[in-house]
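Just so it is clear: chains get the letters A, B, ... in the order the sequence lines come, proteins before strands, and each one is counted from 1.
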Protein chains: 2
Amino acid sequence: MATTLGELERSVMEFLWASDEAMTAYDLRDRLAAAEVDRSPAITTVLTVLSRLENKGFVQRQRTSRPHLYRAQASREDHMAELMHEVLGSATNRSAVLERFVGQVSEREAALLRELLESRSHR
Amino acid sequence: MATTLGELERSVMEFLWASDEAMTAYDLRDRLAAAEVDRSPAITTVLTVLSRLENKGFVQRQRTSRPHLYRAQASREDHMAELMHEVLGSATNRSAVLERFVGQVSEREAALLRELLESRSHR
DNA sequence: AGCGGGCTTCTACGTTTCGTAGAAATGATT
DNA sequence: AATCATTTCTACGAAACGTAGAAGCCCGCT
């Protein structure tokens, strides 16, 4: 469950997260070729990676149209929040972790956190 | 930098994090043998893992006394808070991540966070 | 219905990381 | 110097990932 992403897997997810629309493997291959200077994976490579990401639950595939369509299962933000909770959840001393976490955020973000906690409290 | 730990590496770190004192590889081997039912690694295995952890910056080694002494570089809590910051730092939309993060914590922890942010503000 | 070509799945190999530990080197102690 | 504890070197198997060719599948066209 504490799945980690490889480098190409991560790049693919970045594109899927950045796009509201579902994409085809061909779209992704082209984006990858354009973005990564030294790398331009074959279409089969992209499809393999997409299958793996599907198995890991990161990607949802639509088999209805013929070049299959892929989309991120959760938003990038959801995923990251989930990761943070995963870390926190594995701690024995959660308050100590939170204490250090809060101690290190910028004042700007501290203010944001206060706001978020405020609006959360009367709901 | 975003280093991930293997299973044995993690077990070793657990013991080091749990102990205030520095430990020898022999100590660790014994603890591992006692804790893990099916596993009891050779001393060389433990030493290999400790070297790798040292290279990764998780462990600090004292070569002064002859059975070398090992200690965790950072506390478990520091490490976890750091991990959380690492995740957050890699986000393009930090506030969106924080929003989801805060939205999912328990009321108890929300209260704790409010406190921490409070005491932080008049530091 | 058969065929051809795009699309997908299967299979496979190289690399890296980690668990594992013997062999070799080092160094202290008598 | 010889011996024994300790450390370092070297190596191999397994799993995850990047990589992509080979084989199979599906659909429109004639």
Side-chain angles (χ1 to χ4, degrees), chain A residues 1-16 22-72 79 83 86, chain B residues 1-16 22-72 79 83 86:
Chain A
M1 179 93 338
T3 319
T4 244
L5 296 176
E7 195 165 343
L8 180 56
E9 288 174 333
R10 173 158 299 279
S11 297
V12 167
M13 286 313 297
E14 289 304 336
F15 283 116
L16 290 177
M23 305 175 73
T24 70
Y26 297 87
D27 291 339
L28 285 164
R29 181 203 45 188
D30 295 345
R31 306 276 179 109
L32 286 166
E36 248 114 327
V37 205
D38 52 338
R39 202 153 62 168
S40 59
I43 188 63
T44 52
T45 300
V46 177
L47 284 164
T48 300
V49 166
L50 283 168
S51 287
R52 287 175 182 165
L53 287 171
E54 192 188 14
N55 289 336
K56 292 183 185 180
F58 281 89
V59 157
Q60 196 174 2
R61 180 199 311 226
Q62 286 177 281
R63 296 183 139 93
T64 48
S65 48
R66 195 47 157 100
H68 293 180
L69 287 172
Y70 301 86
R71 64 165 18 137
H79 171 62
L83 272 188
E86 215 171 87
Chain B
M1 180 68 61
T3 321
T4 238
L5 296 176
E7 196 165 341
L8 181 55
E9 289 175 332
R10 175 157 297 281
S11 297
V12 167
M13 286 312 298
E14 290 302 337
F15 282 116
L16 289 177
M23 305 174 74
T24 70
Y26 297 88
D27 290 340
L28 285 163
R29 181 202 46 188
D30 295 345
R31 306 276 180 109
L32 286 165
E36 249 115 322
V37 206
D38 51 339
R39 204 154 58 168
S40 59
I43 187 64
T44 52
T45 301
V46 178
L47 284 163
T48 301
V49 167
L50 283 168
S51 287
R52 287 175 183 166
L53 287 171
E54 191 188 13
N55 289 336
K56 291 183 185 179
F58 281 89
V59 157
Q60 197 175 2
R61 179 199 312 227
Q62 287 176 278
R63 295 185 137 99
T64 48
S65 50
R66 195 44 157 108
H68 293 179
L69 286 172
Y70 300 85
R71 63 165 20 140
H79 170 63
L83 272 188
E86 214 170 87

Please report, rounded to the nearest Å, how far the [atom2] atom of [N] is from the [atom1] atom of [X].
X: A:Leu8; N: D:dA16; atom1: CG; atom2: P; value: 17 Å
X: B:Ile43; N: D:dT7; atom1: CD1; atom2: P; value: 8 Å
X: A:Leu32; N: D:dG18; atom1: CG; atom2: C1'; value: 12 Å

**OP:** Take the C1' atoms of the five end pairs on each side of the helix from C:dA1-D:dT30 to C:dT30-D:dA1, derive the two axes, and give their angle rounded to 10 degrees.
**Re:** 10°

Give [X] one of three labels, base, sugar-phosphate or nothing, depending on what nucleic acid heavy atoms sit under 4.0 Å from its own.
X: A:Arg10; result: nothing
X: A:Arg52; result: base
X: B:Arg63; result: sugar-phosphate
X: A:Leu47; result: base

Original post:
Nearest nucleotide by nearest heavy atom, which residue falls closer to the 5' end of DNA chain C, B:Thr44 or B:Lys56?
Top reply: B:Lys56

Original post:
Do A:Arg29 and A:Thr45 meet the criterion of a side-chain donor-acceptor pair at a distance under 3.5 Å?
Top reply: no

Original post:
Any side-chain N or O of A:His68 under 4.0 Å from OP1/OP2 of C:dC7?
Top reply: no

Original post:
Got a donor-acceptor pair under 3.5 Å from the side chain of A:Thr48 to the base of D:dA20?
Top reply: yes

